[in-house]
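Here the structure comes first, spelled out in structure tokens, and everything after it is commentary.
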Amino acid sequence: MRIEVLTIFPEMFDSPIKSSLLGKARDAGILEINVTDIRDFATDKHRTVDDTPFGGGAGMVMKAEPIDRALEKIAEGLENPRILLTSASGRKFDQKMANELSREESIIIICGRYKGVDERVLELHPIEEVSIGDYVLSGGEVAALTMIEAVARLIPGYMGKIEAGENDAFAWGILGFPNYTHPQEYKGLKVPDVLVSGHHAKIDSFRRRSALKKTLQNRPELLEKIELSDTDKKFLEEIKNENK
Ligand code: SAH
């Protein structure tokens with residue numbers, strides 16, 4: 001997969017894309033990430049990328065021209081890239097969208113800054129606005145990195161056996177189950193017996209029940225969106241009774 005990022009702060013990507021699994025995936029050739037400075041596509045000697053808003057008001061707006069020129073240049077070498085623009089007013093990014101994007105050959109992510117970008121950029125290119133959540137960041141760089149991390153771990157071959165994505169939160173449509181590692185007892189707190197029993201069916205059942213419990217506590221609305229088995233329903237009944 002190839003990911004092209006357009007930003008006025010390319011240095012914000014330096015260490016994140018070199019570290020950890022993202023760095024390894026790049027070294028292994030599974031993922032190519034290129035970062036382009038939008039200022040390189042400005043047309044004046046001051047490399048201006050922003051200007052005052054028509055209609056007045058505080059703040060600056062990212063000019064259409066440098067972004068348009070950068071997009072034209074980058075899209076040249078790509079076949080049907082998905083073009084995303086980070087925006088607090090975009091479609092909400094979630095695991096489903098991460099899955100969908102992980103199947104793309106190429107993705108371009110434009111990072112907004114200031115009050116956002118001149119709206120005409122959206123008319124010139126098939127751009128999808130994407131938000132990572134209902135809060136406002138100062139720029140799209142962290143949002144882009146968030147999406148890159150979520151998408152990259154779904155690319156086949158990215159994680160190998162070290163970390164299996166099938167156990168992730170949301171893989172089942174609900175939250176993840178709790179994990180424990182050595183020592184078996186810490187400050188008087190023991191790892192649940194079932195996890196050291198070696199009984200795989202019981203372990204699976206414990207994990208499913210724990211995941212359901214966490215979902216009921218933290219994100220109950222998710223339970224309405226998935227198909228619950230009879231065992232799930234029984235677990236949830238028990239959990240609700242424990243809480244009474
Ligand atoms: N005035 C704008 C906020 C601009 S914040 C508004 O009310 O929507 C500056 C930039 O940060 C935005 O252009 C966008 O690219 C990025 N950004 C802010 N919040 C974001 C979010 N929740 N998800 C993705 N990008 C976001």
Side-chain angles (χ1 to χ4, degrees), residues 1-17 22 31 33-42 46-75 78 81-102 104 106-154 168-170 175 218-219 221-222:
M1 173 184 284
R2 183 161 151 197
I3 300 179
E4 296 283 342
V5 178
L6 297 186
T7 171
I8 57 168
F9 292 112
E11 65 276 14
M12 286 184 75
F13 292 82
D14 285 350
S15 113
I17 64 174
L22 272 183
L31 181 63
I33 304 176
N34 302 310
V35 182
T36 298
D37 190 343
I38 297 169
R39 283 189 198 282
D40 292 344
F41 293 85
H46 302 292
R47 306 187 356 121
T48 311
V49 288
D50 60 312
D51 209 337
T52 52
F54 277 112
M60 301 296 267
V61 176
M62 287 182 89
K63 290 162 69 67
E65 207 181 351
I67 297 177
D68 178 38
R69 282 157 46 104
L71 271 179
E72 281 188 345
K73 177 83 202 318
I74 284 160
L78 304 172
R82 280 285 284 268
I83 313 177
L84 311 177
L85 169 67
T86 58
S87 160
S89 311
R91 161 186 172 192
K92 183 94 72 79
F93 181 76
D94 59 11
Q95 192 66 19
K96 188 163 156 262
M97 188 172 184
N99 263 307
E100 191 186 303
L101 292 173
S102 73
E104 297 287 345
S106 53
I107 301 171
I108 301 176
I109 308 176
I110 309 160
C111 302
R113 275 275 156 178
Y114 312 112
K115 280 164 72 79
V117 310
D118 186 312
E119 193 73 14
R120 288 170 293 185
V121 172
L122 295 163
E123 290 177 51
L124 291 167
H125 299 272
I127 292 175
E128 297 163 65
E129 291 179 275
V130 190
S131 163
I132 61 160
D134 291 341
Y135 35 79
V136 181
L137 303 165
S138 300
E141 287 74 14
V142 170
L145 283 166
T146 302
M147 295 192 281
I148 292 171
E149 285 235 347
V151 170
R153 59 187 287 118
L154 299 168
D168 281 347
F170 302 108
L175 303 182
N218 295 347
R219 299 287 305 279
E221 79 281 5
L222 293 177

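Along the sequence shown, the residues carry numbers beginning at 1. Both counts, for ligands and for their atoms, begin at 1 and track the order of listing.
For D134, the heavy-atom gap to ligand 1 stays at 4.0 angstrom or more.
By the 3.5 Å distance cut-off applied to N or O atoms, T86 is counted among the residues near ligand 1. For ligand 1, one of its N or O atoms has an N or O atom of G112 under 3.5 Å away. In terms of polar-atom proximity, G133 is counted as a contact of ligand 1, with an N or O under 3.5 Å from an N or O of the ligand.
The protein atom (non-hydrogen) at minimum distance from atom 2 (C) of ligand 1 is K115 O, 3.7 Å. Nearest to atom 9 (C) of ligand 1 among the protein's heavy atoms is Y114 O, 3.1 Å. Nearest protein neighbour of atom 22 (N) of ligand 1, counting heavy atoms only, is Y135 O, 2.8 Å. Nearest non-hydrogen protein atom to atom 19 (N) of ligand 1 is L137 N, 3.0 Å. Scanning the protein for heavy atoms near atom 13 (O) of ligand 1, the closest one is G116 CA, 3.4 Å.
By heavy-atom distance, the residue among S89, A88, A58, G90 lying nearest atom 26 (C) of ligand 1 is A88.
Below 4.0 Å from some heavy atom of V130 lie the following atoms of ligand 1, by number and element: 24 (C). The ligand atoms of ligand 1 that sit less than 4.0 angstrom from a heavy atom of G140 are 11 (O), 15 (O), 16 (C). Against a heavy-atom cut-off of under 4.0 Å, V136 is close to the following atoms of ligand 1: 3 (C), 5 (S), 19 (N). Contact atoms of ligand 1 toward S138: 9 (C), 11 (O) (distance under 4.0 Å to a heavy atom of the residue).
Neither the backbone nor the side chain of V117 comes within 4.0 Å of ligand 1, counting heavy atoms alone. When heavy-atom distances to ligand 1 are checked against a 4.0 Å cut-off, A143 comes that close only through its side chain, counted from C-beta outward.
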Verdict with reasoning, R113 to D50, per salt bridge (Lys or Arg N to Asp or Glu O under 4.0 Å): CA-CA 9 Å; R113 275 275 156 178; D50 60 312; over 6 Å; no
From CA spacing to verdict: salt bridge (Lys or Arg N to Asp or Glu O under 4.0 Å), R153, D168: CA-CA 10 Å; R153 59 187 287 118; D168 281 347; 3.0 Å; yes
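Every residue was checked against the salt bridge (charged side-chain N to carboxylate O under 4.0 Å, His left out) condition with E11, not counting sequence neighbours, and none meets it.
In this structure, atom 6 (C) of ligand 1 has its sub-4.0 angstrom surroundings free of protein heavy atoms.
Under the 4.0 Å criterion applied to side-chain N and carboxylate O atoms, R91 and E100 are assigned as salt-bridge partners. Between R120 and D118, at least one side-chain N (NZ, or NE/NH1/NH2) sits under 4.0 Å from a carboxylate O, which counts as a salt bridge.
Between the side chain of R69 and the backbone N or O of F41 there is at least one donor-acceptor pair closer than 3.5 Å.
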List the atom pairs, with distances to 0.1 Å, where a side-chain N or O of residues 126-139 and a protein N or O form a donor-acceptor pair under 3.5 Å, not counting sequence neighbours.
from, atom 1, to, atom 2, distance (Å)
E128, OE1, R82, NH2, 3.1
E128, OE2, R82, NE, 2.7
E129, OE2, S87, OG, 3.2
S131, OG, G133, N, 3.1
S131, OG, G133, O, 3.0
Y135, OH, I132, O, 3.2

